[in-house]
Amino acid sequence: ANSPAVETSVQKDTQAAPNKTRLASEALQHAPKRRPHFEKGRKVYEWEQSFDEVNIFFTLPPQIKSDDLEVTVEPWRVSVGVKGRRPYLNASLCYAVRRVPESVWMVERHVLQLSLVKAVTGETWERAFDG
């Protein structure tokens, strides 16, 4: 779903320059779209994919900092949790990814982002995790 700001911008451009609007619309169609994953009515994570990468986003509680996290990326599995505790997520991926250093993670504004490099470039994922 497009944000109102993007739609408003595109609408204004439509009146000014039809070609510019068409290009903006095409860019939005080809941009990665975040897909939420829910369990028991609660959003667990969001994910998106491009031609060569899958990004998975977890909203963290405000008290959790990047130094508190333990993140493991293996070719077929991802584990995310707080150090010294049972992982929040320990799941099998639907498709293979490359290990660190190609696949990385970072925290920005209380959101953990896993950037996973697809083992097979161009492969379209139907979902991020098995199950």
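Small disclaimer: the values here were computed from a predicted structure and weren't measured.
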Interatomic spacing from [atom1] in [X] to [atom2] in [Y] - rounded to 0.5 Å:
X: Thr72; Y: Trp105; atom1: OG1; atom2: CH2; result: 10.0 Å
X: Leu89; Y: Glu39; atom1: CG; atom2: CD; result: 8.5 Å
X: Lys118; Y: Glu102; atom1: NZ; atom2: CD; result: 15.5 Å
X: Leu60; Y: Arg109; atom1: CG; atom2: CZ; result: 14.0 Å
X: Ile64; Y: His110; atom1: CD1; atom2: NE2; result: 10.5 Å
X: Met106; Y: Ser66; atom1: CE; atom2: OG; result: 11.5 Å

**Study point:** Criterion side-chain hydrogen bond (donor to acceptor under 3.5 Å, both in side chains) on Arg98 and Ser103, from CA distance to verdict
**Key:** CA-CA 6 Å; Arg98 296 177 190 219; Ser103 294; over 6 Å; no
Which pair of heavy atoms, one from [X] and one from [Y], lies closest together, and at what distance?
X: Phe38; Y: Lys43; answer: CD2-N, 3.3 Å
X: Tyr95; Y: Thr124; answer: OH-O, 3.9 Å
X: Cys94; Y: Arg127; answer: SG-CG, 3.3 Å
X: Ser115; Y: Glu53; answer: CB-OE2, 4.1 Å
X: Arg34; Y: Glu46; answer: NH1-OE1, 3.3 Å
X: Asn55; Y: Gln113; answer: OD1-NE2, 3.3 Å

Taking the side chain as C-beta and beyond, is there a heavy-atom pair between [X] and [Y] under 4.5 Å?
X: Tyr88; Y: Val82; result: no
X: Lys83; Y: Glu70; result: yes
X: Asn90; Y: Val78; result: no

Review point. Are the side chain of Gln49 and the backbone N or O of Trp125 linked by a donor-acceptor pair below 3.5 Å?
Key: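 Here the side-chain-to-backbone pair exists.
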Check your understanding: According to the interplanar angle, ranging from 0 to 90°, do the rings of Phe58 and Tyr45 count as parallel (below 30°), tilted (30 to 60°) or perpendicular (above 60°)?
Key ->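 Taking Tyr45 first and then Phe58, their aromatic rings sit tilted (interplane angle of 30° to 60°).
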Practice item. Report yes or no: do Val117 and Phe57 belong to one cluster of Ile/Leu/Val/Met/Phe/Trp/Tyr joined by side chain heavy-atom distances under 4.5 Å? Key: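 Unlinked, Val117 and Phe57 end up in two clusters.
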**Study point:** Sole residue of Val80, Val104, Val97 in side-chain contact (heavy atoms from CB on, under 4.5 Å) with Leu114
**Key:**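 Among Val80, Val104, Val97, the one that satisfies the side-chain contact (heavy atoms from CB on, under 4.5 Å) with Leu114 is Val80.
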Review point. Just wondering, more than 12 heavy atoms not from Gln63 lying within 6.0 Å of its CD?
Key: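 Counting other residues, nucleotides and ligands, CD of Gln63 exceeds 12 neighbours.
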